[in-house]
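One structure is given below, encoded as structure tokens.
Lettering of chains follows the sequences in order, A, B, ..., and the numbering in each one begins at 1. A quick note: this is a predicted structure, and the numbers were derived from the prediction, not measured.
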Amino acid sequence: MRKVLGVVLLGLAAVAAVGATFLPFSELLIRLAPGQQQTAYVTSGWSTHFGGAKDEHGPLFGIPIVVMAAVVLVGVRWRKVAFAGAAGLAGVTGMLFVYLLNAISFHEEGNIAIDPALEAGFGNGIWVLISAVVLAFGAVVVHPDD
Amino acid sequence: MIGRPTAIALIAAGVVLSATAMVLPWYSTAYAGGVEVVVRAWGTDVLNKPGDWPSGELSPWYGVPVVVTILLLVAGVWINRAALAGAVGQLGAVGIVSALVVSERGHALEQQGDFAVGFGLVFLVVGTLVGLVGAVAVQREAA
């Protein structure tokens with residue numbers, strides 16, 4: 001039973017981590033001129049978009065996340081590898097969180113004069129990623145191989 | 001096969017290298033007019049900031065997660081699993097920094113800037129890999 005639960009949790013953690021890379025990590029909604037529609041500045045694991053324009057050099061946060069998700073999956077066989085994958089996913093998430101926290105506040109401060117009603121904040125991707133970390137550590141706890 | 005004393009020495013070396021990275025520049029970009037953006041573990045310095053520089057600071061404290069992983073590595077001298085958590089956690093954090101460095105380099109070159117990797121980033125990468133080898137060796141020794 002513990003083995004099945006461990007495998008399910010590790011699988012869910014890996015899927016959640018990879019899925020998070022396709023969701024927004026941070027979002028800025030801004031009206032560049034009064035009366036205009038809001039333009040969205042969105043960063044995900046694979047791209048950064050400002051309205052319809054794509055940043056050709058946007059950071060590919062998805063790569064380290066997918067690598068750590070793969071380690072989590074390999075952890076189905078060995079508990080220590082599952083633990084390492086969970087820790088790696090936590091490291092990725094921690095550093096990404098620190099970056100996004102500052103980037104969101106930068107976007108807010110830098111654009112508040114243009115649109116005082118702008119909305120800037122975390123996207124769903126970061127919350128799904130944090131959930132993946134929790135699931136991965138949960139899987140380590142119930143993992144039978146010790 | 002690496003013995004426990006060697007593994008602990010590797011972890012210690014990883015800690016010292018990573019801690020040194022906390023006080024050295026990680027990377028910098030120089031633009032026309034002598035403007036230089038220097039990124040460190042504890043924020044970004046803009047030298048010769050022009051008058052029209054955007055308000056707000058894009059200056060993350062990358063050092064925070066690295067300090068946590070360094071502390072785990074230190075704890076790893078006594079608790080094997082802490083070494084593994086610290087080393088792999090730091091590897092994950094370095095992965096995010098690497099994605100940012102590639103992105104920043106692309107932006108810098110697009111704007112005709114000169115991009116340079118600093119000793120801090122080199123120390124961080126080497127410290128992470130050395131610490132990881134030590135942490136893995138400690139696990140194998142304990143098995």
Side-chain angles (χ1 to χ4, degrees), chain A residues 17 21 25 43 45-48 55-69 71-72 75 78-114 120 129 133 136-137 140 146, chain B residues 39 41-44 53-70 72-73 76 80-111 113 115 124 128 132 135-136 138-140 142-143:
Chain A
T21 66
F25 285 135
T43 299
W46 305 106
S47 64
T48 299
D55 178 355
E56 291 302 324
H57 305 290
L60 297 175
F61 297 126
I63 295 174
I65 295 171
V66 167
V67 169
M68 288 307 167
V71 177
V72 166
W78 296 283
R79 189 168 192 258
K80 275 182 184 170
V81 176
F83 179 72
L89 213 48
V92 163
T93 306
M95 188 58 94
L96 184 59
F97 192 87
V98 164
Y99 167 75
L100 292 173
L101 195 63
N102 183 254
I104 289 165
S105 117
F106 170 73
H107 285 315
E108 215 160 14
E109 275 184 57
N111 296 294
I112 200 80
I114 299 169
L129 192 58
V133 174
F137 277 112
V140 172
D146 208 350
Chain B
V39 176
W42 302 108
T44 302
W53 194 259
S55 55
E57 293 287 335
L58 185 54
S59 180
W61 285 16
Y62 297 122
V64 172
V66 178
V67 164
V68 172
T69 58
I70 287 174
L72 283 168
L73 278 169
N80 293 345
R81 286 291 166 91
L84 188 61
V88 187
Q90 194 164 310
L91 187 67
V94 167
I96 291 295
V97 173
S98 303
L100 282 165
V101 166
V102 172
S103 166
E104 291 300 313
R105 184 178 179 276
H107 287 137
L109 296 184
E110 193 178 62
Q111 294 168 42
F115 183 87
L124 182 66
T128 301
L132 183 64
V136 170
V138 161
Q139 310 303 309
R140 293 170 69 95

Please report the shortest heavy-atom distance between B:N80 and B:Q139, naming the atom on each side. O-NE2, 2.7 Å
Residue selection (most heavy-atom pairs with chain B, distance under 4.5 Å) from A:T48, A:L60, A:L100, A:N102: A:N102
Output side-chain donor-acceptor pairs under 3.5 Å for residues 101-110 of chain B, partner residues at least two apart or in another chain, one line each.
residue: B:S103; atom: OG; partner: A:H57; partner atom: O; Å: 2.6
residue: B:H107; atom: ND1; partner: B:S103; partner atom: O; Å: 3.3
residue: B:H107; atom: NE2; partner: A:D55; partner atom: OD1; Å: 2.9
residue: B:H107; atom: NE2; partner: A:D55; partner atom: OD2; Å: 2.8
residue: B:E110; atom: OE2; partner: A:H57; partner atom: NE2; Å: 3.4

Do B:S59 side-chain atoms and B:T44 backbone N/O form a donor-acceptor pair below 3.5 Å? yes
Output side-chain donor-acceptor pairs under 3.5 Å for residues 84-94 of chain A, partner residues at least two apart or in another chain, one line each.
residue: A:T93; atom: OG1; partner: A:L89; partner atom: O; Å: 2.7

Which residue out of B:A87, B:G86, B:G89 racks up the most heavy-atom pairs below 4.5 Å with chain A? B:G89
For A:M95 and B:V97, which heavy atoms make the closest approach, and how far apart are they? CE-CG2, 3.6 Å
Taking side chain as everything from C-beta outward and backbone as N, CA, C, O, which of these in A:Y99 sits under 4.5 Å from a heavy atom of chain B? Side chain, backbone, both or neither. both
Given a strict heavy-atom distance threshold of 4.5 Å, which part of A:L96 is in contact with chain B: side chain, backbone, both, or neither? both
Non-hydrogen atoms of chain B under 4.5 Å away: do they reach the side chain of A:P64, the backbone, both or neither? side chain
